[in-house]
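Order of listing sets the numbers, starting from 1, for every ligand and every atom in it. All values derive from a computational prediction rather than experimental measurement.
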Amino acid sequence: MNSALFHSVLRERFGFDSFRPGQLLALEKLFESSRLLCIQPTGHGKSLLYQLPACILPGIVLVISPLLALMRDQVDQLSKRFGISAGSINSDQSEEENTIVRTAAMAGELRLLFLSPEQLDQLDRFEFLLTLPLSLIVIDEAHCVSTWGHDFRPAYRQILQLVKAAEQKMPDLKILGLTATAADPVEKDILKQLFSPERPGSVLRESMDRPNLSLSVISARGSASKLLLAEQIVNGCDGVGLIYCATRENTETVARYLQKKGINAIAYHAGLDSEEKKRIQQAFIADDFTVIAATNALGMGIDKPNIRYVLHFDIPGSITAYYQEVGRAGRDGLSARGILLYDIQDRHVQEYFIHSAVPDAEDFDKVLEMGDSPTLAVIKQTTGLHPTRVNVVVAELVEQGFFAKERLKGKQVYRKTEKEGKPDLSSYDAQRKVKLRELNHMLQYAKEPHACRMSFLRKALGDDTAPACGHCDLCRPSNAPQLIQSEIDSTDRWLLENPIPIPAARMVGLSEGISLLDSKQRSPLFVRFMKTRQEALGADPELLEILRPHLKKGFFKAIVPLPSTTWKGRDALAKAIGDFLEVPVLTDLLAWKEPHEQRQGTLLNNDQRKLNVHKKMEAAHTPPEGPILLLDDYTGSGATLKEAARALRTAGGKELILIPLAIATVKWRLGHIGFI
Ligand code: ADP
Ligand code: MG
């Protein structure tokens with residue numbers, strides 16, 4: 001009965017001629033039964049399922065979505081292109097901006113309000129939402145509520161409470177869950193959590209097929225081979241592409257490498273500041289770059305229809321994540337490619353991510369043992385746990401009633417309640433299993449010969465039947481790309497010679513410096529250095545060779561190696577550098593005044609590392625004037641280098657120029673002993 005109305009709004013407001021498969025049915029179901037879960041592939045047009053109702057329903061449509069980037073786009077697009085007044089409240093915006101949106105919502109000036117689930121953490125936000133005349137609550141990426149899903153987010157649990165509270169107040173409220181990925185158990189779980197037996201929800205599922213996507217996998221060993229393959233692929237594809245990397249460092253390396261080869265590439269990850277991110281995204285959408293190397297921070301739902309290929313530089317952590325990410329190619333329906341570079345070593349990074357994200361019983365105990373009403377920041381410092389885990393554990397403890405959220409002197413704190421006993425952790429065991437299974441599924445996609453890649457993906461995502469696509473690399477095998485050994489060698493060399501900056505620490509007078517080898521690259525040279533650093537061997541000639549181009553002759557006045565009880569090769573290396581630069585090596589200038597209690601690698605996080613070395617070094621005499629090269633074997637948190645700078649400046653005054661040189665950079669694991 002609404003169908004004519006839906007059609008006319010589609011044409012008049014959105015300027016689309018017809019609905020895509022399943023869209024009309026979904027709208028009808030939503031208006032008829034008010035509770036709906038809709039599973040449609042990425043790019044299918046799920047947003048229309050709430051945008052169109054927003055033009056028809058009275059009051060406000062509230063959309064909860066984890067995708068900040070998408071919110072920005074949509075809010076712009078909705079008001080400019082479709083004339084629908086929309087706003088968003090999220091942490092990427094200033095408090096003033098958020099307040100303006102809140103005021104507009106209360107004044108009845110908004111049809112659509114976007115919100116990130118973390119906003120529900122704040123009690124006052126939660127209560128504010130319940131005062132609005134809501135007609136429809138949309139849970140975008142609804143699989144995030146399920147611990148059976150690949151991408152469970154604890155913040156999503158709060159949505160359930162909001163839905164329940166809103167349902168009580170507003171009897172006509174409609175609830176719509178949207179996701180591209182919910183295989184059977186996840187679908188059942190979402191239904192159970194989101195809807196109640198009194199008001200059960202129905203499900204509509206579209207086929208996961210993406211007929212315009214041609215999938216392929218290329219085996220690769222090591223970063224150099226992958227970089228060369230990436231270069232070939234970028235040069236061989238027309239149009240704009242997206243390269244997904246597992247880490248921020250890799251996005252930088254890939255972008256720098258491609259830039260060096262004359263390709264207009266850029267890196268994107270969550271470590272960039274929000275202005276920069278905004279700028280890069282907009283430029284990417286406007287086709288200003290040939291290719292963007294990004295982590296999954298460049299996220300779900302980015303509405304760029306003409307991405308011609310999605311290349312995975314590293315294997316993603318789950319088959320579902322892969323489907324979503326590769327699905328960003330060819331949303332315009334024209335042919336596009338999805339290519340995965342597969343190096344068997346990559347699974348370790350993903351296994352590490354799984355282990356850092358899923359907390360265990362010990363983590364819960366640590367947080368429960370905290371004293372009275374700590375803030376989140378205090379919990380992180382005291383427990384030394386990985387920050388992601390702290391977020392998960394605290395959210396769970398609130399959910400299970402062991403903690404209560406309260407405001408104390410303007411801060412949000414977590415008060416321990418009277419509740420006795422132990423929290424129920426069964427869902428975390430389940431989640432660990434799900435994540436490992438999803439990773440294994442991904443590995444199978446990459447390595448095990450099966451009939452068709454698209455059909456494998458579709459079945460993994462819940463399609464019952466999926467005939468061969470006819471155009472993936474298994475349906476239509478072609479020759480694997482060839483790499484030339486000398487090119488691999490020279491790329492290896494480029495990786496090696498590409499030192500990592502050590503940031504300046506102005507407070508202690510440390511200038512910017514470099515560290516030569518990246519533990520991430522696991523080069524033979526790095527492995528050898530770390531293995532032999534405890535032996536009194538002469539300096540490694542290969543190491544010296546790549547070090548020399550970075551040493552400026554006539555600039556430094558002295559070399560000061562950092563004191564170390566375990567680095568036995570220290571003096572030989574310092575002497576070799578001293579000979580090359582023709583400057584003295586002041587071996588005994590710095591010493592540990594008192595032995596620090598623990599080695600940095602055995603501590604849990606960087607706050608603990610700083611405490612371990614702070615004010616423990618001493619300079620035996622006044623250091624010479626002029627730039628000093630501070631030599632260290634490897635650096636992680638930077639705390640030891642900063643302590644050395646502090647001690648030297650205490651003895652030599654504020655004018656001292658100190659430039660750090662570390663042979664390697666390691667990345668400490670957070671909340672765990674050792675480095676990644
Ligand atoms: P999803 O959320 O399912 O990944 P989106 O809602 O972001 O996908 O939609 C992807 C693109 O498809 C958008 O550019 C949207 O405007 C477009 N679109 C949606 N429905 C239609 C339609 N019926 N006709 C034409 N284009 C559509
Ligand atoms: Mg979407």
**Study point:** Criterion side chain to side chain contact (heavy atoms under 4.5 Å, CB included) against Y445, the qualifying member of I315, L457, N440
**Key:** L457

**Study point:** Aromatic ring proximity H312/Y342, centre distance under 6.0 Å
**Key:** no

Point to revise | From OH (Y50) to OG (S65), nearest 0.5 Å | key: 6.5 Å

Check your understanding: Charged N to carboxylate O below 4.0 Å: is that the case for K435 and E438?
Key -> no

Exercise for review: Could you tell me if the ring centre of F6 sits under 6.0 Å from that of F19?
Suggested key: no

Exercise for review: Return the option from S47, S65, C38 holding the heavy atom at the smallest distance from atom 6 (O) of ligand 1.
Suggested key: S47

Review point. Looking at ligand 1, does Q40 have a heavy atom less than 4.0 Å from it?
Key: no

Check your understanding: Which is closest to atom 25 (C) of ligand 1 in terms of heavy atoms, F82, F16, F19?
Key -> F16

Check your understanding: Are any of the heavy atoms in P41 under 4.0 Å away from ligand 1?
Key -> yes

Check your understanding: When you check the gap from the basic side-chain N to the acidic O, do D473 and R337 get nearer than 4.0 Å?
Key -> no

**Study point:** Where ligand 1 meets R331 - atom numbers and elements under 4.0 angstrom, heavy-atom basis
**Key:** 1 (P), 4 (O), 5 (P), 7 (O), 8 (O), 9 (O), 10 (C)

Practice item. Report yes if Q23 has an N/O atom closer than 3.5 Å to an N/O atom of ligand 1; otherwise report no. Key: yes

**Study point:** Mode of S18 contact toward ligand 1 - side chain, backbone, both, neither (heavy atoms, under 4.0 Å)
**Key:** backbone

